[in-house]
Amino acid sequence: MAKFKNVLVNFGLLLSGIVLFALPHPNFITVEGFPLLSYFAYIPLFILVRRVSLKTVWAYGLAYGTGCYCLYVYWLAIFNPVSMPVIAGMYGIYLMLAFLFMKAAASFFPKYAYFAEWVVWCAYEYLKTLGFPGFNYGVTAYSHWRWTLLIQIASVIGVFGLSAFISFSSAWFSAVICDGSTGIVKKIKNHKVSGIIWLALFIGIIVFGIVSPVDYSDCDTKRIALIQTNSDPWDGADSVYNRDLQTLKRLSDAAIAEAGDLDLVVWPETAFIPRITYHYKHRQNPVMFGLVNELLDYLDSKNVPFVIGNDDCVKGYNKDGVYTDLDYNSALLFFPGENVIPPEPVRYWKNHLVPFTEHFPFKKQLPMIYKMLEENDTHFWEEGKEKTVFDLGGLKFCTPICFEDTFGDISRDFVLNGAQAIVNMSNDAWARTASCQYQHLAMGVFRTVENRIPAVRATSSGQTVIIDPNGKVLDMAEPFTETYLICELPVIERASQTIYTKYGDYAGKFFVLASFVVLAFGIVKAIMEKIKYGKK
């Protein structure tokens with residue numbers, strides 16, 4: 001009976017942990033999320049790791065990771081039947097390993113188990129965003145995207161430093177709950193030092209949030225129109241491409257007429273599917289050439305530059321050494337009368353492709369998965385290498401494409417290359433889910449604070465917004481509608497870089513190193529104790 005009760009408690013902790021992982025972020029209940037819950041979200045996790053044995057902790061980690069991502073990114077199931085099991089399974093394995101390391105760390109230092117678990121957890125949050133399968137969705141601090149006062153500290157410690165601060169409260173509460181002392185007052189007193197330090201840091205973060213925001217009221221501005229078509233440009237063929245072109249032209253004309261003098265018009269990611277430069281040059285497909293020709297005539301007739309999301313295709317050698325067509329998810333900048341006819345746009349080719357759905361480098365090693373992805377209409381792209389910064393004349397801006405603005409280091413590299421603003425173009429229309437779009441927006445907000453530059457986002461179906469250098473969403477187009485948003489983008493001349501821009505995600509790297517030290521020291525300590533007691 002006692003064993004059954006123990007399993008039941010563990011199962012309850014597992015389920016509550018899964019729910020608390022998803023709720024702080026934009027979710028199926030509210031697109032704004034419940035950020036306050038992030039301060040308690042990992043209490044069940046930290047307690048569970050300490051309760052279960054080393055033999056079974058891996059199974060709970062597997063279940064926790066799978067459950068968390070099935071609930072949190074449930075909208076992936078809408079995309080294709082492969083995405084959900086791949087992501088959920090991948091994070092099941094990640095959390096299985098994280099639970100094992102957390103358990104080991106807690107076992108090595110039972111008196112400071114909560115602290116050791118927390119250090120390993122913070123390392124995991126950073127490591128999971130690296131490499132081919134890197135995925136920033138679910139990082140703790142992104143739940144705070146609406147709490148502008150608190151996120152100012154990201155300009156110093158980045159998103160992973162803020163995540164560590166938030167998650168420490170869960171570790172502290174778990175320590176109090178698991179403390180063997182009698183009475184809640186005694187339990188709290190036993191951990192008062194770390195609690196007081198955390199509260200002092202919290203007050204410091206608030207004070208920093210009050211004094212640090214950038215005053216951009218006297219800055220020059222650029223007037224930008226962001227176009228939102230409310231369609232998935234990949235959802236169809238010739239007739240859909242023509243429909244979307246007419247929508248883009250109509251909305252752009254309306255924006256130009258309303259704004260008077262615009263400095264830039266931005267279309268979303270792959271808003272125009274036919275390959276502009278390729279079809280203009282080769283002309284094998286009369287329908288595609290006709291659409292491209294119509295587009296170029298339109299662009300050249302305007303007195304405003306356009307930056308357009310497009311499938312850019314060039315001839316070249318692929319990774320297998322075959323000379324063929326190479327497709328790039330691209331942003332193309334056109335200046336009427338200069339580089340439109342013939343099309344010679346300034347190009348940015350997407351550097352960081354979405355794993356599994358845009359890029360899968362293991363064709364030879366995992367041919368079955370590669371074939372399964374191909375059969376589910378996956379569009380693979382080539383990787384761009386250059387961090388192109390566009391020059392609008394008085395404004396240098398970068399165009400991270402869709403998923404790219406979820407990575408702090410990518411926007412940081414653009415800023416180090418001279419970018420003064422972020423112009424993101426995204427297509428999340430395939431998800432048909434507001435929570436997906438808000439989860440994406442939440443991450444984009446942090447890129448502005450980290451580098452103290454403004455950002456705009458032109459999206460297919462939402463969230464089309466302007467964000468100031470302090471992470472405040474100033475205006476947003478109505479999602480899931482055909483519309484446009486006219487923005488006054490401040491041109492920030494920064495005298496100095498932020499600490500984050502200078503040093504990047506040093507907080508995440510610190511926790512990786514700290515985890516290694518904790519585990520290595522713990523192993524040495526265990527060996528020494530075994531030798532010591534073995535001699536006795």
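Nothing here was measured: the structure is a model prediction, and the numbers come from that model. Excluded from the calculations below are hydrogen atoms, water molecules and symmetry mates; all remaining heavy atoms, backbone and side chain alike, are included.
Using a 4.5 Å heavy-atom threshold, the side chains of Trp430 and Leu76 count as touching. Between Glu269 and Ser460 the shortest side-chain heavy-atom distance does not fall below 4.5 Å. Within the 4.5 Å cutoff, the side chain of Arg447 has no heavy atoms near those of the Pro400 side chain. Two residues are said to be in side-chain contact when any heavy atoms from C-beta on lie closer than 4.5 Å; Val449 and Gln152 meet this criterion. Using a 4.5 Å heavy-atom threshold, the side chains of Leu45 and Glu117 count as separate. Put simply, the side chain of Met476 reaches to within 4.5 Å of the side chain of Leu441, judged on heavy atoms. Between Ser435 and Phe28, the closest side-chain pair of non-hydrogen atoms is not below 4.5 Å. For the pair Tyr91/Cys68, no side-chain contact is recorded, criterion being any heavy-atom separation below 4.5 Å from C-beta on.
Using modelled atom types, no side-chain atom of Asp300 and backbone atom of Leu296 make a donor-acceptor pair closer than 3.5 Å. Distance alone, capped at 3.5 Å, is enough to place a donor-acceptor pair between the Trp118 side chain and the Ala164 backbone. Side chain of Thr270 to main chain of Gly309: no donor-acceptor pair is present (N/O by atom type, distance under 3.5 Å, no hydrogens or angles). At least one donor-acceptor pair under 3.5 Å links the side chain of Ser170 to the backbone N or O of Tyr42. Formation of a donor-acceptor pair under 3.5 Å by the Glu32 side chain with backbone atoms of Arg146 is not found in this model. Within the 3.5 Å criterion, the main-chain N or O of Leu332 finds no donor-acceptor partner in the side chain of Ser330. With hydrogens and angles disregarded, a donor-acceptor distance shorter than 3.5 Å links the side chain of His440 to the backbone of Cys402. Under a 3.5 Å cut-off, the side chain of Thr498 and the backbone N or O of Glu450 do form a donor-acceptor pair. A donor-acceptor pair under 3.5 Å links the side-chain atoms of Arg457 to the main chain of Gln463, judged by distance alone. Of the possible polar contacts, none joining the Ser426 side chain to the Thr459 backbone as a donor-acceptor pair under 3.5 Å is found.
Phe165 and Phe202 have parallel rings, their planes meeting at less than 30° on a 0 to 90° scale where 60° marks the start of perpendicular.
Crowding of Lys249 atom NZ: a count of heavy atoms from other residues, nucleotides or ligands under 6.0 Å exceeding 12. Heavy-atom contacts from other residues, nucleotides or ligands closer than 6.0 Å to CZ of Phe115 number 12 or fewer. Enclosure of atom OH in Tyr74 by more than 12 non-hydrogen atoms of other residues, nucleotides or ligands within 6.0 angstrom is indicated. Within 6.0 Å of CZ on Phe390 lie more than 12 heavy atoms contributed by other residues, nucleotides or ligands. In the displayed structure, Phe480 atom CZ is contacted under 6.0 Å by more than 12 heavy atoms of other residues, nucleotides or ligands.
You'll find the ring centres of His191 and Phe173 outside the 6.0 Å limit. In summary, the aromatic rings of Phe168 and Trp121 are positioned with their centroids too far apart to meet the 6.0 Å limit. Ring-centre distance between Tyr72 and Phe21: below the 6.0 Å cut-off.
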Show which side-chain atoms of residues 129-137 pair as donor or acceptor with protein atoms under 3.5 Å away, not counting sequence neighbours.
| from | atom 1 | to | atom 2 | distance (Å) |
| --- | --- | --- | --- | --- |
| Thr129 | OG1 | Tyr126 | O | 2.7 |
| Asn136 | ND2 | Thr406 | O | 3.2 |

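The side chain to side chain contact (heavy atoms under 4.5 Å, CB included) with Trp381 is formed by just one residue from the set Leu353, Val354, Leu326; it is Leu353. Among Asn303, Val304, Ile224, the one residue that satisfies the side chain to side chain contact (heavy atoms under 4.5 Å, CB included) test with Leu262 is Val304.
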Given ring pair (Phe, Tyr, Trp, His ring centres under 6.0 Å), test Phe446 with Tyr500 step by step and report yes or no.
CA-CA 11 Å; Phe446 276 78; Tyr500 177 82; over 10 Å; no
Requested in this report: Could you check Arg275 against Asp327 for salt bridge (charged side-chain N to carboxylate O under 4.0 Å, His left out), going step by step and ending with a plain yes or no?
Outcome: CA-CA 9 Å; Arg275 303 156 173 170; Asp327 284 319; 2.9 Å; yes
*Quick one: do Arg452 and Ser212 satisfy side-chain hydrogen bond (donor to acceptor under 3.5 Å, both in side chains)? Show the steps, please.*
CA-CA 10 Å; Arg452 293 300 188 192; Ser212 66; 3.3 Å; yes
Step by step, work out the side-chain contact (heavy atoms from CB on, under 4.5 Å) result for Ile151 and Val445. CA-CA 9 Å; Ile151 68 174; Val445 164; 3.8 Å; yes
For a side-chain hydrogen bond (donor to acceptor under 3.5 Å, both in side chains) check, start with the C-alpha distance between Glu493 and Gln420, then their side-chain angles and the critical distance, and finish with the verdict. CA-CA 7 Å; Glu493 295 288 349; Gln420 298 167 289; 3.1 Å; yes
Report task. List the steps and the verdict of side-chain contact (heavy atoms from CB on, under 4.5 Å) for Lys502 and Arg412. Result -> CA-CA 9 Å; Lys502 286 182 179 179; Arg412 173 177 174 260; 5.8 Å; no
For this session: Evaluate the criterion side-chain contact (heavy atoms from CB on, under 4.5 Å) for residue pair Thr148 and Val473; output intermediate values, then yes/no.
Result: CA-CA 9 Å; Thr148 310; Val473 177; over 6 Å; no
side-chain hydrogen bond (donor to acceptor under 3.5 Å, both in side chains) for Asp215 and Ser217? Distances and angles first, verdict last.
CA-CA 6 Å; Asp215 180 7; Ser217 58; 2.8 Å; yes
(Q) Test side-chain contact (heavy atoms from CB on, under 4.5 Å) on Val292 and Phe272; report intermediate values, then the result. (A) CA-CA 9 Å; Val292 167; Phe272 185 77; 4.0 Å; yes
### Task
Could you give me the CA-CA distance, side-chain angles and deciding distance for Asp312 and Thr277, then say whether side-chain hydrogen bond (donor to acceptor under 3.5 Å, both in side chains) is met?
CA-CA 7 Å; Asp312 197 28; Thr277 57; 3.0 Å; yes
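Among all heavy-atom pairs drawn from Pro233 and Asn427, the shortest one is CD-ND2, 3.7 Å. When every heavy atom of Gly337 is checked against every heavy atom of Val340, the shortest pair comes out as N-CG2, 4.5 Å. The two residues Pro268 and Leu248 come nearest to each other via the heavy atoms CD-CD2, 4.3 Å. Counting all heavy atoms, side chain and backbone alike, Pro24 lies closest to Ala41 at CG-CB, 4.4 Å. In plain terms, the two heavy atoms of Ile401 and Ala331 that are nearest each other are CD1-N, 3.8 Å. The two residues Gln228 and Leu251 have their closest heavy-atom pair at O-CD1, 3.4 Å.
Note: Ser411 OG to Met443 CE = 12.0 Å, rounded to the nearest 0.5 Å. Atom CG of residue Leu299 and atom CD1 of residue Ile276 lie 7.0 Å apart, to the nearest 0.5 angstrom. Between the SG atom in Cys398 and the CG atom in Asn451 there is a gap of 8.5 Å [rounded to 0.5 Å].
Checked against side chain to side chain donor-acceptor pair (under 3.5 Å), Asp253 has the following partners two or more places apart in sequence or in another chain: Tyr298, Lys302.
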